[in-house]
Amino acid sequence: MNRTPRLDVPSWIFVPAAAGSLFIVLPLLAMLTRVDWADLPALITSPGARTALLLSLKTSTIATLLCLVFGVPMAIILGRSTFRGQDVMRSVVLLPLVLPPVVAGIALLYTFGRRGLLGGSLEAFGIQIAFSTTAVIMAQTFVAMPFLVVSLEGALRSSGQRYEEVAATLGARPTTVLRRVTLPMVLPAVASGAVLSFARALGEFGATITFAGSLQGTTRTLPLEIYLQREVDPDSAIALSMVLVVVAALVISLARRTARPA
Amino acid sequence: MNRTPRLDVPSWIFVPAAAGSLFIVLPLLAMLTRVDWADLPALITSPGARTALLLSLKTSTIATLLCLVFGVPMAIILGRSTFRGQDVMRSVVLLPLVLPPVVAGIALLYTFGRRGLLGGSLEAFGIQIAFSTTAVIMAQTFVAMPFLVVSLEGALRSSGQRYEEVAATLGARPTTVLRRVTLPMVLPAVASGAVLSFARALGEFGATITFAGSLQGTTRTLPLEIYLQREVDPDSAIALSMVLVVVAALVISLARRTARPA
Amino acid sequence: MSLTFRAAVKDRDLDVSLEVPHGRTLGLIGANGSGKSSVLAVLAGLVRADSGTAVLDGEELFSARVWVPPHRRRIGLLAQDSLLFPRMSVVDNVAFGPRSQGLSRPAARAVAQHWLIEVDAADLADRKPSELSGGQQQRVALARALATQPHLLLLDEPLSATDVGMAAMMRQTLRRVLAGRTAVIVTHHVLDAVLLCDRVAVLEAGRVVETGRTEEVFRRPRSDFAASISGLNMVRGVATGPDSLVATDGTVIHGEPDMALTPGDPALAVFRPEAVSVHRSAPGGSPRNQFLGPVTSIEPQAHLVRIQVGDLGADITADSVARLAIDVGESVVLVIKAAEVSLYHG
Amino acid sequence: MSLTFRAAVKDRDLDVSLEVPHGRTLGLIGANGSGKSSVLAVLAGLVRADSGTAVLDGEELFSARVWVPPHRRRIGLLAQDSLLFPRMSVVDNVAFGPRSQGLSRPAARAVAQHWLIEVDAADLADRKPSELSGGQQQRVALARALATQPHLLLLDEPLSATDVGMAAMMRQTLRRVLAGRTAVIVTHHVLDAVLLCDRVAVLEAGRVVETGRTEEVFRRPRSDFAASISGLNMVRGVATGPDSLVATDGTVIHGEPDMALTPGDPALAVFRPEAVSVHRSAPGGSPRNQFLGPVTSIEPQAHLVRIQVGDLGADITADSVARLAIDVGESVVLVIKAAEVSLYHG
Amino acid sequence: SNRPGESTTITVFAAASLQATFTRLGAQFETANPGTTVMFNFGGSSDLVAQLQDGASADVFAAADTVTMDKAVAAGLLSARPAVFATNSMEIAVPPGNPAGVTSFVSLADPGIAVVVCAPQVPCGAATRTVEQNVGVALMPVSEENSVTDVLGKVISGEADAGVVYVSDVISAGDAVDGVPIPTADNATNDYPIGVLKGSTSADDAGEFQAYVLGPEGQQVLAEGGFGTPS
Ligand SMILES: Nc1ncnc2c1ncn2[C@@H]1O[C@H](COP(=O)(O)OP(=O)(O)OP(=O)(O)O)[C@@H](O)[C@H]1O
Ligand SMILES: Nc1ncnc2c1ncn2[C@@H]1O[C@H](COP(=O)(O)OP(=O)(O)OP(=O)(O)O)[C@@H](O)[C@H]1O
Ligand SMILES: [Mg+2]
Ligand SMILES: [Mg+2]
């Protein structure tokens with residue numbers, strides 16, 4: 001008990017927080033009450049569901065990695081340097097956030113599709129993106145990236161730059177400063193951003209179906225499977241959603257735990 | 001030029017950042033090339049589009065405010081206090097992130113719908129939520145809240161607690177500490193979180209159509225209008241999306257500008 | 001109406017009890033890492049003690065059952081780092097405490113202006129902390145701590161970054177402010193302690209090794225740290241007569257006892273380096289104290305030169321050094337008149 | 001092979017030029033806010049000068065056309081705050097510089113261990129910075145700055161949080177480290193300057209008002225700040241003869257000139273407070289310097305009591321104060337033998 | 001039937017595939033009945049049923065298949081037996097100019113042709129299955145979409161060489177796609193039923209709307225939209 005005691009947070013704050021939590025928890029509970037627990041095992045282990053779940057996990061993980069690879073540099077450039085056109089870049093990064101996912105899918109088609117902006121050149125290289133797992137990953141990356149960039153940039157702006165200056169006077173090149181000072185400092189925010197991206201990618205539906213289509217094992221992710229299932233049996237769609245939710249919670253808490261010692 | 005010079009960011013970082021930006025910009029440009037500029041004015045000023053846009057702005061703004069009112073306390077409790085069940089709460093908050101939006105809509109129906117958990121009690125009070133504008137706002141709040149909570153919690157964890165300790169020794173009650181030290185410190189992150197929430201609410205489709213339906217002037221927000229339009233004329237759907245995107249960019253940059261002096 | 005404090009913090013190896021009578025100021029001195037800041041942190045409620053209790057003006061601050069949170073202790077803490085709120089102006093920083101105590105914004109600003117004038121920083125009022133020099137920051141932080149008018153004031157090295165001239169001014173200000181106020185001040189400077197503290201407590205490795213009236217401690221130190229901070233040579237030994245002791249290495253020292261010593265009792269001999277003269281060989285003459293040994297270092301001081309022979313230092317003029325032509329490693333004899341040596345019970 | 005530096009920073013009202021010959025150490029002294037840290041920040045590349053240039057070992061660091069970023073300047077900076085990287089252990093903090101210079105992890109750790117031993121902090125190697133006391137943090141930060149083996153070392157009040165005993169040790173360490181190294185040290189302590197610096201420059205309000213060999217500046221100060229930091233009384237005036245000057249208030253002062261003064265030239269008189277005696281009325285006798293005025297303050301010092309009369313201070317024993325029975329506000333006469341007054345061209 | 005100055009609003013829940021035609025019909029109906037406003041809620045038929053069950057208030061429900069309408073009837077949502085007002089059958093949609101040279105349903109089985117269809121779980125997919133069985137080929141689609149809009153989207157964008165959609169979709173897409181008809185013998189047809197809802201607050205006007213859809217004006221608009229007339 002001799003660690004610095006956490007300061008009290010104001011007690012009234014628990015009231016809105018509890019209200020907010022209830023607002024989130026109640027619908028989830030309501031869903032649970034509708035799940036047909038007897039059918040659940042069969043449903044989950046059905047080949048369609050299993051394949052879709054694995055595909056979802058695979059594509060979302062890769063999409064999250066891509067978000068990190070491209071999004072962290074973007075956040076750093078937005079939050080730690082000044083250049084002309086920075087405000088434009090900041091707005092552009094936000095756009096996929098508001099684009100209805102289906103429209104995002106159309107935009108991707110217009111770009112990487114067979115008759116799209118780059119489609120011809122890609123086809124010349126023998127690259128066919130349409131109806132492939134690659135398309136799923138691209139759709140997920142497109143919609144998920146802004147979450148990482150925006151949340152990380154916010155954290156970078158909240159944190160000062162004094163340690164980075166110290167590192168520079170110790171002879172650290174910008175790369176070293178970034179790797180050993182900046183990133184460790186905002187690690188929790190990188191983690192949050194990655195969680196947001198992963199979750200967004202995992203739940204992605206509209207852009208995927210528009211840009212990549214829906215074929216079992218190749219492009220039909222769990223959300224797509226859930227939508228199809230819903231046409232037949234809404235309750236089992238809900239059960240499948242619960243699977244998605246549980247898997248997501250597991251993956252995220254696992255990632256959190258492994259990231260903590262770093 | 002005598003301000004502390006920003007330190008250089010590593011130059012290689014511009015490569016992935018540019019690649020990421022291109023990946024986002026190209027599809028948007030591709031969309032622009034497909035917009036029929038001649039038809040655009042008529043389309044935008046059509047009563048359906050105008051009503052939908054106004055409804056979208058109204059509901060998204062209210063939803064963002066609700067996210068702030070309930071989400072900021074949740075983030076603070078998660079990031080600044082310790083209590084049993086904290087990990088559970090953290091996971092629960094994440095869940096709406098991964099829930100496919102349509103399933104989220106179903107969950108809301110199961111809770112606040114006529115046949116839902118609370119539907120009976122609400123109806124007794126003469127409150128009908130489903131298929132009203134209130135339902136739109138609730139759906140948007142439900143899906144948007146986690147973005148605020150998660151990104152703000154990340155920023156809170158990145159920032160230390162030393163200034164808050166100082167404030168306490170100066171006699172500041174927890175509420176004062178929160179208002180005058182903690183929140184100003186993470187203001188950029190609150191802003192980012194609000195932007196994420198607003199964008200998510202503005203683009204919300206699946207939960208809205210399921211929980212609130214699609215009735216012009218009451219529940220048909222712009223994404224729903226776009227979706228409908230796509231059935232008839234995909235190109236004008238895209239043009240409408242551009243409107244959504246531009247409006248979002250305007251609102252966000254306006255909000256940013258007014259928030260800065262605070 | 002006073003402070004009583006006893007606390008142990010295991011992982012900092014701290015176990016300290018202190019008393020400060022109402023309206024008095026206690027100086028806390030000790031080497032780096034001896035636990036001074038930790039004591040203040042426990043008092044302010046920023047670190048929890050594993051055991052112990054503190055009572056301020058009759059009210060328990062903490063104990064096995066009680067825990068008053070920091071903001072309700074009415075204790076003002078000036079920590080070792082200034083930690084000014086980076087997003088507030090200087091005047092808002094200082095007004096923060098009064099505002100928190102419920103004053104209106106203009107009233108709090110007026111209080112802040114008052115304290116900024118006290119620390120000679122009124123012209124900095126509208127700056128951001130990042131636009132201040134180190135010493136300016138420290139003064140503003142001092143003003144901020146003072147502006148809360150706390151029941152107990154804790155100052156951790158309040159003048160460490162302050163320049164010499166400003167420090168003299170600040171000491172005057174602090175004297176005024178501390179009059180009638182219960183306070184604990186951590187310092188590395190004898191002058192701060194002498195001017196500001198009624199009593200001092202010396203910490204060594206998390207334990208109080210000596211307490212007493214300030215002048216007493218510095219004139220008749222009992223701990224090595226107090227002797228060294230006072231700039232005095234100190235030799236521990238056992239009394240061999242009413243006015244002599246034998247050191248652990250066998251040297252006998254004669255001096256002026258405060259009270260006749262009882263042979264066999266532990267005793268201390270203390271003398272100023274300026275009173276020590278240095279010779280190449282033992283000078284003849286009447287009863288004098290002599291120490292023989294190789295020179296371990298020769299250092300210029302402000303006006304004299306310090307010759308160090310083991311633990312003992314002699315301050316002589318640069319001229320004398322030249323005349324003696326001594327060098328590090330050569331043997332010399334240090335000579336101190338018995339009249340210059342204070343002897344007392346240890 | 002040396003440092004030449006000239007820079008102006010408008011919004012800090014700074015306009016300074018300095019030279020440090022290769023392998024020499026320059027002390028930078030001056031009141032709070034006089035611009036010492038700003039000079040270091042400009043040198044290290046953390047603040048841009050509006051105009052000026054710096055050349056280190058023949059290489060331009062900045063000028064109107066050139067801008068070498070901080071990490072390529074090979075300049076080590078110990079800033080006024082320790083700013084240890086909070087998420088790294090102490091040894092990793094110190095190893096950061098060597099690692100950045102391309103050393104392998106074990107090699108960098110070995111270097112770090114070496115410097116931790118130098119600052120007597122080897123036992124803290126595995127702690128996190130938040131688990132260190134203020135003085136310990138400062139020592140670790142010093143080790144971190146030294147471990148980069150920079151071409152130019154900038155130390156901003158390196159010993160301000162260090163206790164007296166440890167400071168003596170650190171000065172020895174710094175002396176060793178600074179030998180043959182080009183360095184600039186900011187300090188508020190005469191002893192640091194005397195022991196570590198070949199020359200000092202005195203800053204006032206962003207301008208260099210005096211530079212010279214260290215002993216020279218402290219023994220024959222020309223600026224008020226240098227006089228006050230040396231603890232000397234200084235009177236400015238105009239020479240009236242080879243060994244006398246007339247102060248602005250008309251008092252004539254006689255003393256020992258370094259060289260015969262030329263009447264009409266500006267001149268300075270300097271004397272130690274210990275050399276001043278205090279009388280209730282003017283004593284008779286041969287040519288002496290006398291100042292009459294009301295006592296403005298009486299302050300105990302470590303061993304003597306400081307009587308302040310306007311700008312002039314006299315240090316006398318507590319016994320004398322009691323015998324004189326003087327109080328603040330009463331008129332006294334300060335008397336200084338001409339032999340104790342140094343006169344020189346101002 | 002409205003007296004002048006009085007205004008009523010009727011709310012129509014209609015399948016998404018009816019959007020183009022019903023929007024036109026609504027406007028015509030409003031002109032024919034001054035003071036009456038028609039509001040539409042378009043969506044997937046099954047979504048609409050769920051919404052009605054959950055308390056959404058509406059006057060008329062028009063579904064894209066009888067299975068869904070049967071659900072609504074079973075849930076007791078309708079005030080009378082619904083009537084079939086249109087039929088729809090399948091057609092092959094290809095990008096303008098038919099770049100892949102699709103000539104018949106059988107040619108869709110060519111592995112070099114990228115064909116998209118609806119998933120069998122949704123009505124248009126079920127209809128496609130029927131055609132496959134009638135023709136006697138098994139397609140190897142590159143994608144099984146959730147809705148006919150998605151199929152059409154792939155064809156319009158040129159991403160797919162062909163897609164199996166409703167005749168009405170080919171019509172409403174206009175120049176964006178070309179159609180390759182499927183012979184009636186092989187084709188599958190589904191019925192579009194319409195009914196007045198029990199919860200209707202203006203059942204008279206709702207009945208009038210239903211009659212209008214079933215009447216000559218309605219049938220003409222539907223025929224122009226590519227829908228068949230119920231037998
Ligand atoms: N958070 C911590 N966790 C564990 N040990 C700590 C922590 N903070 C300080 N210590 C250790 O506790 C001891 C006392 O530290 P404290 O800061 O009280 O010293 P101090 O007397 O104020 O020294 P200084 O003069 O250097 O400021 C030191 O050995 C220090 O390393
Ligand atoms: N970022 C800044 N912007 C504007 N003015 C500043 C800034 N930082 C410092 N100053 C001002 O510049 C002047 C010089 O400050 P500097 O920090 O160099 O002083 P210093 O000599 O190091 O003082 P100290 O002994 O208190 O550390 C001061 O008046 C200070 O208020
Ligand atoms: Mg301390
Ligand atoms: Mg400074």
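Chain A is the first sequence line, chain B the second, and so forth, proteins listed ahead of strands; every chain is numbered from 1.
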Please state whether the side chain, the backbone, both or neither of [X] comes within less than 4.5 Å of a heavy atom of chain B.
X	result
A:Thr141	both
A:Arg230	side chain
A:Ile24	both
A:Ile106	side chain
A:Val92	both
A:Met185	backbone
A:Phe198	neither
A:Met138	both
A:Leu109	neither

Measuring heavy-atom distances to chain A, does [X] have an atom under 4.5 Å in its side chain, in its backbone, in both, or in neither?
X	answer
B:Leu117	side chain
B:Leu26	both
B:Phe112	side chain
B:Leu118	side chain
B:Phe205	neither

Indicate the atoms forming the closest heavy-atom contact of [X] with [Y], along with that distance.
X	Y	answer
B:Leu152	B:Ala189	CD1-CB, 4.1 Å
A:Thr221	A:Ala52	C-CB, 3.9 Å
B:Met74	A:Ser21	CE-OG, 3.7 Å
A:Leu178	B:Pro10	CD2-CG, 4.0 Å
B:Ser56	B:Leu222	OG-N, 2.8 Å
B:Ser197	B:Leu148	OG-CB, 3.4 Å

Can you tell me if A:Arg115 has over 12 outside heavy atoms packed within less than 6.0 Å of its CZ?
yes
Quick check with a 6.0 Å cut-off and a 45 degree axis cone: is A:Arg200 positioned over the face of A:Phe147's six-membered ring?
no
Checking B:Ser241 side chain against A:Val103 main chain: does a donor-acceptor pair fall under 3.5 Å?
no
Would the distance check show the side chain of A:Gln86 and the main-chain N or O of A:Leu78 forming a donor-acceptor pair, the cut-off being under 3.5 Å?
yes
Out of A:Leu156, A:Leu196, A:Leu108, which one racks up the most heavy-atom pairs below 4.5 Å with chain B?
A:Leu196
